Colleague: 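Okay, here's the structure, questions in a sec.
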Amino acid sequence: MFDESHPHKSDASTRFDTPTPVQTPTHVALAPGDGIGPEITQAVVAIFEAANAPVRFVPVTLGEQSYLKGASAGIDEQAWATLRNHRVLLKGPITTPQGGGYKSVNVTLRKSLGLFANIRPCQSWAPWIATRHPDMDVLIIRENEEDTYAGIEHRQTQELTQCLKLISRPGCERLIRYGFELARAQGRKTVHCLTKDNIMKLTDGLFHQVFQEVASDYPDLDAQHLIIDIGTARLADAPEQFDVIIAPNLYGDILSDVAAQLTGSVGLGGSANIGPDFAMFEAVHGSAPDIAGQDVANPSGLLLAAVEMLRYIGAQACADSIQCAWQAVMAEGRHTGDIFDPKHSTQRLGTQAFTQAVIEQLRDASPAGGVAARWPDPKALAVKPPKRSEKTLVGVDVFIDYDQDARHAQRLGERIEAMTTSSGFALKLITNRGVKVYPNGLPETTCTDHWRCRFKGWDDRPVTHRQILSLLERFEAAGLDFIKTEHLYLFDGEPGFSLGQGE
Ligand code: NAD
């Protein structure tokens, strides 16, 4: 099971007659992770050995041990080389140390390896496992590289911090098209897109727009959109009404934890991170340090992720056998502590006993056989080349650090108007946290020290970068602390910026 060329080997023994492998083994990097990671990884390795899975694991160290050796992202050079060589990773949960400038291994892997889609099946296992939603079977497809997870944050004034939310058209299209392909491959019927485009009209608006465009290529699937807040409320209340959900990164992160918990336990959720050249499979849950080393962790989340990994590498029959065996143990009511309840369970098992129970069931597992390929090839996606639009620079937002309240807004506006006469710009308005405070603001508006001055070209004429530089020189000469600028562009005549209130 473990690569012979590597010193680490599994000590789990194969106790039963096992099926002959149907294909040459695929090399898969295996990171046991931290906390309960090694215990649940060992469980998966033992079950794979017993099932004679066509996989050869290549151990790789990620996480705490690498952090302690000085790799701030928890991944050292040797680990990168192993990952690049094998391109499929089964990963135990990893502890991200608090503070100290440590970067999350998970976020680093997803973004560095182009794992653009995070797939989280959230299915109830009623009547075997207690849940208030027995008919739930939702596939959550979360964008994995963009949004606020770009991690670009700044403190700009004494009072204010910002985080950039980046949404790109190719990023949306790749993810959404993959979502529709996956929905089709799994015989799903309805695909929901959840965004907040009533507020974030450009970023979430782009995600929604691309969703509608892509949906038109899949007329066999019912495509619907919901605002994220009511969508999440409905998911929590009636998850059986959902089939596939596609969402930007942050919403998808939250939604998938809500959905995984609704199925009965976070310990049941498996997850796949898919990119064009690489795939990573992991449990939804974290490293659970509170129960590490106690032989109580539920290995099901990682096992179900590993089963999907088998399907991804084309080992359908083996995946089906293992899933059948796991389901049989669930059906017998032999449960780990996190899902044990007297109504549905017959026996409380530790991690190792549960693993042996699955192995024993492998003998009798009779998979239906030949489940259709469930993982579309990301390289085969027909992503359209972006259309180039004519881009015209028409103004600039100049943000300043200015420590006064709303009563001073009128004076500030008049001062800036005076210092920018004949600059080629007209001051259109000043806002504070998006609320107009000049001209004609309200003295009651609560202000921070972060003010946005919106300039447009005089007489709505286009402007140049040179003009913007001279405008900023006037701010500098006036002693006003400009902390950032955002250029205002038209794309084919359409504003590429949100309008200020009352603009
Ligand atoms: P957690 O998921 O580790 O634990 C939350 C609760 O669920 C705990 O009570 C835990 O005992 C329980 N639990 C989790 N998995 C279980 C299982 N398989 N069986 C039984 N019970 C289980 O979340 P946390 O405590 O917020 O995070 C702990 C660490 O994990 C943090 O360092 C966090 O950064 C990391 N984390 C890693 C990943 C990942 O590697 N993908 C994901 C989330 C959190």
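Counting starts at 1 for both ligands and their atoms, following the listed order. Computed from a predicted structure; not experimentally measured. Because only heavy atoms are used, hydrogens play no part in the values below, and waters and symmetry mates are left out as well, while side chains stay in.
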Colleague: Where on T95 is there a heavy atom closer than 4.0 Å to ligand 1, on the side chain, on the backbone, on both, or on neither?
Modeller: both

Colleague: State the atoms of ligand 1, each with its element, that fall below the 4.0 Å cut-off from a heavy-atom position in P93.
Modeller: 40 (O)

Colleague: What is the ring orientation for H450 with F399, classed by angle as parallel under 30°, tilted 30 to 60°, or perpendicular over 60°?
Modeller: tilted

Colleague: Please tell me if atom 6 (C) of ligand 1 is touched by the protein, where touching means a protein heavy-atom distance below 4.0 Å.
Modeller: no

Colleague: What I want to know is whether A288 and ligand 1 share at least one N or O pair that is separated by under 3.5 angstrom.
Modeller: yes

Colleague: Any salt bridge linking D204 with K196? Criterion: basic side-chain nitrogen under 4.0 Å from a carboxylate oxygen.
Modeller: no

Colleague: Can you find a protein heavy atom under 4.0 Å from atom 32 (O) of ligand 1?
Modeller: yes

Colleague: Which atoms of ligand 1 sit under 4.0 Å from any heavy atom of A297?
Modeller: 19 (N)

Colleague: Do R142 and Y149 form a cation-pi contact, if we require the NZ or CZ to be under 6.0 Å from the six-membered ring centre and within 45 degrees of the ring's axis?
Modeller: yes

Colleague: In terms of atom number and element, which parts of ligand 1 are under 4.0 angstrom from non-hydrogen atoms of P289?
Modeller: 28 (C)

Colleague: Indicate, as side chain, backbone, both or neither, the part of D290 found under 4.0 angstrom from ligand 1 when only non-hydrogen atoms are considered.
Modeller: side chain

Colleague: Tell me whether I94 has any N or O atom under 3.5 angstrom from an N or O of ligand 1.
Modeller: yes

Colleague: Does the pair D147/K165 count as a salt bridge with the N-to-O cut at 4.0 Å?
Modeller: yes

Colleague: Any ion pair linking E213 and R169 (charged N to carboxylate O, less than 4.0 Å)?
Modeller: yes

Colleague: Please report whether atom 25 (O) of ligand 1 has a protein non-hydrogen atom at a separation of less than 4.0 Å.
Modeller: no

Colleague: Relative to each other, are the rings of H208 and H225 parallel, tilted or perpendicular (30° and 60° limits)?
Modeller: parallel

Colleague: Applying a heavy-atom cut-off of 4.0 Å, say which part of S265 lies close to ligand 1: side chain, backbone, both or neither.
Modeller: neither

Colleague: Are any of the N/O atoms on N106, whether in the backbone or the side chain, positioned under 3.5 angstrom from an N/O atom of ligand 1?
Modeller: yes

Colleague: Among all protein heavy atoms, pick the one closest to atom 18 (N) of ligand 1 and tell me residue, atom and distance.
Modeller: N298 O, 2.9 Å

Colleague: Return the closest protein heavy atom for atom 41 (N) of ligand 1 as residue, atom name and distance.
Modeller: E282 OE1, 3.2 Å

Colleague: Could you check whether D222 pairs with K189 (Lys NZ or Arg NE/NH1/NH2 to Asp/Glu carboxylate O, under 4.0 Å)?
Modeller: no

Colleague: Would you kindly specify which portion of T336 sits under 4.0 Å from ligand 1, judged on non-hydrogen atoms: side chain, backbone, both or neither?
Modeller: neither

Colleague: Starting from atom 22 (C) of ligand 1, find the nearest protein heavy-atom neighbour and note its residue, name and distance.
Modeller: I291 CD1, 4.0 Å

Colleague: When you measure from the centre of the six-membered ring of F278, is the NZ or CZ of R87 closer than 6.0 Å and no more than 45° off the axis?
Modeller: no

Colleague: Please check if a non-hydrogen protein atom sits closer than 4.0 Å to atom 38 (C) of ligand 1.
Modeller: yes

Colleague: Looking only at protein heavy atoms, which one is nearest to atom 29 (C) of ligand 1, and what is the separation?
Modeller: S287 OG, 3.2 Å

Colleague: Got a salt bridge between K384 and D217, using NZ or NE/NH1/NH2 to carboxylate O under 4.0 Å?
Modeller: yes

Colleague: Any nitrogen or oxygen of G286 lying under 3.5 Å from a nitrogen or oxygen in ligand 1? Just yes or no.
Modeller: yes

Colleague: Closer than 4.0 Å and a protein heavy atom, does any atom meet both conditions relative to atom 9 (O) of ligand 1?
Modeller: yes

Colleague: Can you check whether E332's main-chain N or O pairs, donor with acceptor, with T346's side chain at less than 3.5 Å?
Modeller: yes

Colleague: Is any side-chain N of the basic residue among R174 and E145 closer than 4.0 Å to the acidic one's carboxylate O?
Modeller: yes

Colleague: Determine, step by step, whether F180 and F211 satisfy the ring pair (Phe, Tyr, Trp, His ring centres under 6.0 Å) criterion, reporting the C-alpha distance in whole Å, the side-chain angles of both residues, the deciding distance to 0.1 Å, and the verdict.
Modeller: CA-CA 10 Å; F180 274 95; F211 176 78; 5.4 Å; yes

